[in-house]
Amino acid sequence: MQLLSQFLKHQKTDEQLVDLIATLMVACKEIALQLREGELAGVLGTTSNTNVQGETQKKLDVIANDVLKKLLLDNPLVAGLASEEEDDPVPGNPDGRFLVTFDPLDGSSNIDINVSVGTIFSVLERTPGEDPALHATYLQNGRRQVAAGYVLYGPSAVLALTTGRGVNFFTLAHTGDFILTRENIKIPTQTREFAINMSNQRHWEPAMKSYVGDLLLGSDGPRGKNYNMRWIASMVAEVHRVLTRGGIFSYPWDAREPAKPGKLRLMYEGNPMSFLIEQADGIASTCYAPIMDVQPAEIHERVSVALGSREEVEILLSYHNTEK
Ligand code: AHM
Ligand code: MG
């Protein structure tokens, strides 16, 4: 049995990064406890606020954001943070080394129905001299992440973590420790499972319509095999499934708001999930380029996402390269 801290030590992870990850996990444990109590703690339901994306905030969105913010700002290693639920970056220690970006509670439409949600985080190093109160300080592409991961709050709470040396799962035990439960995750290269919100089909690009159309034809179509479909509406749970047994997940660009590149956010969802997926030998793409190569222009920027089993994502990309 190996504790998260022991495992990171074994991997010779930078000590300050280990310290920061420990702080993130204290916050996630607190969020897990609040979720576990649910209605008993009076934490379900919505607030009267909307966030910078124009979405109504759930009570738990705000609670999770406050827990992460408080604990991270108490850690002198943190120069600043950017959150899906904060309009602007929040500066921390002016001499701090790390910038943390996060989605405090992803999949929050699932909170009130007691279905899986998660916390997604990404760790960057501040460029010396840059002001952590400024948006521009955070605009690093995904290749510059030094760590990324999520905690899935499902039947058990599971951390998926990468520091650039593979992906490992740690399960939260009743003792409050995260314990290594799966090592060096590798995504199967092929799959028969896809996840996409089919109700948006009419808004997709022709290439995506044609790719999914062929999946639906199953063994009668060009793919020659039957596919199964999943949609949990919680990216953390979808990515966890992909890491665990393969699959393809997409939330692509669609024509509902043509100026926006997608629904999911590059810095809080796209980049950290892409780091995990690439570290597990999968592909994470906008359908035209690797997500981690996208140079962010603003902290709340959206991105089109297609990720998962290598061979399946390559086929999807071929539809985008050669319009059928
Ligand atoms: P959120 O961060 O506001 O929860 O939104 C992101 C979530 C993802 O977890 C999920 O993949 C997607 O939104 C579901 O969207 P939809 O409700 O359109 O199916
Ligand atoms: Mg989210």
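For clarity, every value in this text was computed on a predicted model and none was experimentally measured. Every number for a ligand or one of its atoms is a count from 1 in the order of the listing.
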query = What do we get for Asp103 next to ligand 1 when only non-hydrogen atoms under 4.0 Å count, side chain, backbone, both or neither?
reply = side chain

ask   = Does a side-chain heavy-atom distance below 4.5 Å link Phe169 with His240?
value = yes

ask   = Contact between Trp231 and ligand 1, counting heavy atoms under 4.0 Å?
value = yes

key: Flag if over 12 foreign heavy atoms under 6.0 Å of CD, Glu311   = yes

inquiry  = Is the shortest side-chain heavy-atom distance between Leu20 and Leu72 below 4.5 Å?
reply    = yes

task = Measure from the ring center of His320 to the ring center of Tyr211 and say whether it is less than 6.0 Å.
result = no

query = Which is closest to atom 7 (C) of ligand 1 in terms of heavy atoms, Asp106, Ile196, Leu105?
reply = Asp106

ask   = Quick one: does Val236 get an N or O within less than 3.5 Å of an N or O on ligand 1?
value = no

query = Salt bridge or not for Arg97 and Asp19, using N-O below 4.0 Å?
reply = no

query = Would you call Asp74 and Lys70 a salt bridge, using N to O less than 4.0 angstrom?
reply = yes

query = Using heavy atoms and a threshold below 4.0 Å, how should the contact between Asn197 and ligand 1 be classified: side chain, backbone, both, or neither?
reply = side chain

ask   = Does even one non-hydrogen atom of Ala233 get within less than 4.0 Å of ligand 1?
value = yes

key: Ligand-residue contact atoms, ligand 1 with Glu269, heavy atoms, under 4.0 Å   = 2 (O), 6 (C)

key: Distance filter under 4.0 Å to Met235 heavy atoms, resulting ligand 1 atoms   = 8 (C), 9 (O), 10 (C), 11 (O)

request  = Determine, stepwise, if the pair Asn65 / Ser83 fulfils side chain to side chain donor-acceptor pair (under 3.5 Å).
outcome  = CA-CA 8 Å; Asn65 187 60; Ser83 161; 2.7 Å; yes

request  = Select one of side chain, backbone, both or neither to describe which atoms of Ser108 lie under 4.0 Å from any atom of ligand 1, heavy atoms only.
outcome  = both

ask   = Can a non-hydrogen atom of Arg265 be found less than 4.0 Å from any atom of ligand 1?
value = yes

inquiry  = Taking distance alone, with N or O pairs closer than 3.5 Å, would you say Glu84 contacts ligand 1?
reply    = yes

ask   = Using heavy atoms and a threshold below 4.0 Å, how should the contact between Leu264 and ligand 1 be classified: side chain, backbone, both, or neither?
value = side chain

Neighbour count >12 (heavy atoms, 6.0 Å) for atom CG, Asn114 = no

query = Is the number of heavy atoms from other residues, nucleotides or ligands under 6.0 Å of Lys225 NZ greater than 12?
reply = yes

task = Would you check whether Phe249 has a nitrogen or oxygen atom less than 3.5 angstrom from a nitrogen or oxygen atom of ligand 1?
result = no

